[in-house]
Amino acid sequence: MADVLDQAQLFLTELSTDEKSRLYNDLLAIKDVYLCNKDTSFYTFRKIWRAARRSTECRKRTFHYQTENNQELTIHQIHEQRLFKNHYRIQILFNQQEFDYHFIEQLLQQLYAQHFSYSSQISYA
């Protein structure tokens, strides 16, 4: 796991300042959605004809970041429906390897530390 976090740190250093800012904002949005939906599932009986089909998966949002060295971060927010039950999940792929939400928390901590460090405040002054 430490190796993956080192790769994530290298990934962040290869991003431009604008991409880091966009990634930070996207991760904050993902965090809000995740915290609202992490333990939530609901049942719907509105569209019984659609529920009679097999389970469906609908990607609501996809975030994609890639560096010049072909390191790739892809995050999918997915709405799944199985019979009458609906729930949301997040799929995180870093260099084609799947991770859990803890990986996003680590990226957020690293971006927060970089963005709000004392040296970066001096450069903006």
Side-chain angles (χ1 to χ4, degrees):
M1 186 69 174
D3 183 43
V4 173
L5 293 178
D6 292 339
Q7 288 180 357
Q9 181 66 34
L10 180 63
F11 173 76
L12 290 177
T13 58
E14 292 176 355
L15 290 175
S16 70
T17 306
D18 291 338
E19 289 174 327
K20 284 181 189 177
S21 178
R22 190 170 60 100
L23 176 63
Y24 184 67
N25 289 329
D26 287 344
L27 291 179
L28 287 175
I30 290 169
K31 180 181 177 180
D32 286 343
V33 171
Y34 177 77
L35 291 176
C36 288
N37 294 321
K38 70 177 179 177
D39 296 322
T40 304
S41 62
F42 61 94
Y43 293 89
T44 181
F45 299 103
R46 250 183 36 201
K47 299 179 181 176
I48 292 176
W49 60 272
R50 190 184 303 176
R53 294 185 300 167
R54 292 184 180 169
S55 62
T56 60
E57 178 180 290
C58 176
R59 285 189 166 82
K60 293 296 183 184
R61 286 177 87 178
T62 298
F63 302 94
H64 183 81
Y65 293 91
Q66 188 169 3
T67 64
E68 293 176 1
N69 294 337
N70 291 330
Q71 289 194 344
E72 183 176 34
L73 174 66
T74 306
I75 303 169
H76 301 286
Q77 290 179 333
I78 301 169
H79 170 240
E80 291 181 333
Q81 180 180 7
R82 293 196 174 115
L83 198 53
F84 297 115
K85 186 175 184 178
N86 294 272
H87 71 277
Y88 290 90
R89 69 181 180 91
I90 294 177
Q91 181 183 32
I92 301 150
L93 299 170
F94 180 64
N95 292 335
Q96 304 302 324
Q97 188 177 4
E98 191 166 350
F99 292 95
D100 61 354
Y101 182 75
H102 180 71
F103 186 74
I104 288 181
E105 290 176 335
Q106 292 296 324
L107 285 175
L108 272 171
Q109 287 177 357
Q110 291 176 7
L111 284 168
Y112 183 85
Q114 289 177 7
H115 187 69
F116 292 107
S117 68
Y118 181 71
S119 61
S120 68
Q121 290 178 359
I122 291 174
S123 65
Y124 289 120

Between [atom1] of [X] and [atom2] of [Y], what distance do you get to the nearest 0.5 Å?
X: His76; Y: Ile90; atom1: NE2; atom2: CD1; result: 12.0 Å
X: Leu28; Y: Ile104; atom1: CG; atom2: CD1; result: 11.0 Å
X: Gln114; Y: Leu12; atom1: CD; atom2: CG; result: 5.5 Å
X: Tyr34; Y: Gln77; atom1: OH; atom2: CD; result: 12.0 Å
X: Tyr101; Y: Leu108; atom1: OH; atom2: CG; result: 6.0 Å
X: Thr13; Y: Gln110; atom1: OG1; atom2: CD; result: 10.0 Å

For the student: nearest non-hydrogen atoms of Arg22 and His64, plus distance
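Of all heavy-atom pairs spanning Arg22 and His64, the closest is NH2-O, 4.3 Å.
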Minimum heavy-atom separation for Asn95 to Asn70, with atom names?
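In this case the closest contact between Asn95 and Asn70 is OD1-O, 4.1 Å.
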Side chain to side chain contact (heavy atoms under 4.5 Å, CB included), that's the test. Do Phe103 and Leu73 meet it? Break it down for me.
CA-CA 11 Å; Phe103 186 74; Leu73 174 66; 3.9 Å; yes
Beyond-backbone contact of Glu68 with Glu14, side-chain heavy atoms, under 4.5 angstrom
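They are not in side-chain contact.
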Less than 4.5 Å apart, any side-chain heavy atom of Ile75 and any of Asp26?
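Ile75 vs Asp26: side chains apart.
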Do the ring planes of Phe11 and Phe94 sit parallel (below 30°), tilted (30 to 60°) or perpendicular (above 60°)?
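The rings of Phe11 and Phe94 stand perpendicular, inter-plane angle above 60°.
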Consider only side-chain heavy atoms of I, L, V, M, F, W and Y, link residues closer than 4.5 Å, and tell whether Leu15 and Leu10 are in one cluster.
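As far as the 4.5 Å side-chain criterion goes, Leu10 and Leu15 are not connected within one cluster.
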Would you say Val33 ends up clustered with Leu93 if hydrophobic residues are merged whenever their side chains have heavy atoms under 4.5 Å apart, either directly or through other cluster members?
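Different clusters: Leu93 never reaches Val33 through Ile, Leu, Val, Met, Phe, Trp or Tyr contacts under 4.5 Å.
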With a sphere of 6.0 Å drawn around NZ of Lys31, does it hold more than 12 non-hydrogen atoms of other residues, nucleotides or ligands?
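For Lys31, atom NZ is not crowded (no more than 12 foreign heavy atoms under 6.0 Å).
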